[in-house]
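These values consider heavy atoms only, across backbone and side chains, with no hydrogens, waters or symmetry-generated copies. Throughout, protein chains are lettered first and strands after them, A, B, ... in sequence-line order, and every chain is numbered starting at 1. Small disclaimer: the values here were computed from a predicted structure and weren't measured.
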Protein chains: 2
Amino acid sequence: MNKGAKSRGDTAIAEDRVGTTQLESAPEPKYWHLKTVLSEALDSDFAVGEILPNERELAARFGVARATLRQALDQLELEGRLQRRRGVGTTVAPPRVGVAVGTSQHDWPGAPGDTWQAGGCTSATPPAMVARLLGIEPGEEVNVVRRLRLTHGQPVAAELLYVPVGSVPDLPAIDSPSGPARARSVLRELQRLELDSQDRAVELGSARADDAKELDRLPGAPVLVVTTRYVAEGRTAAVSVATYRADTCRLTFGDSGNVEISHHPHERRAS
Amino acid sequence: MNKGAKSRGDTAIAEDRVGTTQLESAPEPKYWHLKTVLSEALDSDFAVGEILPNERELAARFGVARATLRQALDQLELEGRLQRRRGVGTTVAPPRVGVAVGTSQHDWPGAPGDTWQAGGCTSATPPAMVARLLGIEPGEEVNVVRRLRLTHGQPVAAELLYVPVGSVPDLPAIDSPSGPARARSVLRELQRLELDSQDRAVELGSARADDAKELDRLPGAPVLVVTTRYVAEGRTAAVSVATYRADTCRLTFGDSGNVEISHHPHERRAS
DNA sequence: AAGTGGTCTAGACCACTGT
DNA sequence: CAGTGGTCTAGACCACTTA
């Protein structure tokens, strides 16, 4: 488990010395202090994938209520330092994976190990905001392709691709088979178009129930919502709304997609 | 205040009918249900800028503990629907502002009303991760320019720009005046370089204490951290770490920066 | 069945904002 | 000063995973 060299008054969470641990008085909130202490312990005393003591235990060690401890863990999870799974425990998260979103080709496989997995294709009326981007009447039906993006086998994003019928004129009527087969043919037709440009926007959101399920997270988990407008032949050919796991992903843009950045210095693997 | 047309069993939060409001039994968590109800009420019954009943009052109306209500409000704030200020109250947030980050010119003022406000320039050793991006020894000192980005007068981002001495060779030694004056001259020197390319990454984080203060948020508030690597003359000339308010900002990339998108359909202003 | 994290309660006090 | 949101407590029960 590696005790490492701790500097200060040694607020040890990896040791057996329980109860003696006290938070010295501070003007700042306890959970903030706690987060800092835990963060340092994570750097020095724990390996990636290692499982932490359970919440009741940790709370007792630090002499705080479980709710307070959880506030600290919540933040660390938000920052991608921890991963919590109900019924299992809290583990030290690996550094975030860089996920390229700026590459021009629409279905590009991205870095090695990156895939889009076509889910299905239905017909539906897009949300008002998407309809506006597409420049169609709110209420007009469009093709909706559902895809899942995998990196190293792990799902990192769930996407809804809104494709107006006008963008894929050579396709049979919307009804027919609504499975992955149709999804793929819609994508194939789309890629025939020459892309003029793409606009992209990123914002913070919380996962809808369906997305959460596919991303293996609880509903409401923080996500990065990437909205992309694909412009071809002078008009908006499609709009994509992709929901990326905020805890595990670092979205990369630009010419050479700088992967290989690690935010957390001390990396070791759990035994 | 506008009562609007509510569809379902009328879970009214804007009315005087208190106490009668009950959450019907559901397999999903209360706070999730609550969030949905509040979200709909926000769309139909409230105007932007309007102030909501206080938390104790709302909790009572819905027959839940305050902590549970707060869990719902937390999510709505995360999604940018609400703004809470201690000592004041909870108000309905305006739609997120689109903030352009993809434009090529480094100090570009962006959309009308957009400014970078130079703060100061100190000398320091960058974090290990930045040092790696810059390709310098960890421990080597660089210029650190602090800037604040304003949109329509509101601060939206706090930036730290790391500039190795090698990138601005014509500048006097690092000591001299560490104020905004030096910051501006560093920026001026930087812009002399011809930019080859930029790599950019976006990830979720929580605001450090100093950034939080400048962004008028509490420490730990959710932020979007944009890390940019500026490449000039074949090497990394500078690295910028910009911290954007996640609640108020939608980061836009690409050719034409699609502003004017509103996620929230019914927009009215508070009286 | 035992152990984990997730939800929820009913209080309390604190820090900050306005008047 | 009164009123707001922010923090904190000490419990309880639930949903889920694993053995």
Peer 1: Tell me whether A:R84 is salt-bridged to A:D247, with the criterion being a basic N under 4.0 Å from an acidic carboxylate O.
Peer 2: no

Peer 1: Does the A:R147 side chain pair with the main chain of A:A183, one donor and one acceptor, at a distance under 3.5 Å?
Peer 2: no

Peer 1: Of the candidate nucleotides D:dG6, C:dT9, D:dC8, which contains the atom at the shortest distance from the side chain of B:R70?
Peer 2: D:dG6

Peer 1: It should be established whether B:Y31 places a side-chain nitrogen or oxygen under 4.0 Å from OP1 or OP2 of nucleotide C:dT7.
Peer 2: yes

Peer 1: Check this for me, if you would: do B:R96 and A:E203 make a salt bridge, where the nitrogen-to-carboxylate-oxygen distance has to be below 4.0 angstrom?
Peer 2: yes

Peer 1: Remember a base hit wins even if backbone is also touched, and classify A:R56 as base, sugar-phosphate or nothing at under 4.0 Å, heavy atoms.
Peer 2: base

Peer 1: CG of A:L82 versus P of C:dG5: gap in Å, rounded?
Peer 2: 11 Å

Peer 1: Measure the distance from CG on B:L69 to P on C:dT7 and round it to the nearest whole Å.
Peer 2: 15 Å

Peer 1: What nucleotide among C:dC8, C:dG6, D:dG6 has an atom nearest to a side-chain atom of A:R66?
Peer 2: C:dG6

Peer 1: Once you round it to whole Å, what is the distance between C1' of D:dA12 and CD of A:E55?
Peer 2: 15 Å

Peer 1: With DNA chain C as reference, determine whether A:G87 or A:D74 sits nearer its 5' end, using the nearest nucleotide of each.
Peer 2: A:G87

Peer 1: Tell me which of B:A67 and B:N54 sits closer to the 5' end of DNA chain D, going by the nucleotide each one is nearest to.
Peer 2: B:N54

Peer 1: Rounded to the nearest angstrom, tell me the gap between atom CD in B:E57 and atom P in D:dG3.
Peer 2: 12 Å

Peer 1: Just to confirm, is there a sub-4.0 Å distance from OP1 or OP2 of C:dG6 to any side-chain nitrogen or oxygen of A:R84?
Peer 2: yes

Peer 1: Could you state the CZ-P distance from A:R217 to D:dC16, rounded to the nearest angstrom?
Peer 2: 15 Å

Peer 1: Nearest-Å distance, CD (B:Q71) to P (D:dT7)?
Peer 2: 15 Å

Peer 1: At less than 3.5 Å, do the side-chain atoms of A:R86 and the base atoms of C:dG3 form a donor-acceptor pair?
Peer 2: no

Peer 1: Counting only side-chain nitrogens and oxygens, does B:T90 get under 4.0 Å of the OP1 or OP2 atom of D:dT4?
Peer 2: no

Peer 1: Under the salt bridge (charged side-chain N to carboxylate O under 4.0 Å, His left out) rule, what do B:R61 and B:E57 come out as? Steps first, then yes or no, please.
Peer 2: CA-CA 6 Å; B:R61 292 200 191 180; B:E57 170 100 13; 3.0 Å; yes

Peer 1: Would you say a side-chain N or O of B:T68 is under 4.0 Å from OP1 or OP2 of C:dT9?
Peer 2: yes

Peer 1: Grab the NZ-P distance between B:K213 and C:dC16 for me, whole Å please.
Peer 2: 11 Å

Peer 1: Rounded to the nearest angstrom, tell me the gap between atom CD in B:E77 and atom C1' in D:dT4.
Peer 2: 14 Å

Peer 1: Under 4.0 angstrom, heavy atoms only, what part of the nucleic acid is B:L218 near: base, sugar-phosphate, or nothing?
Peer 2: sugar-phosphate

Peer 1: Could you tell me whether the side chains of A:Y31 and A:R70 share a donor-acceptor contact shorter than 3.5 Å?
Peer 2: no

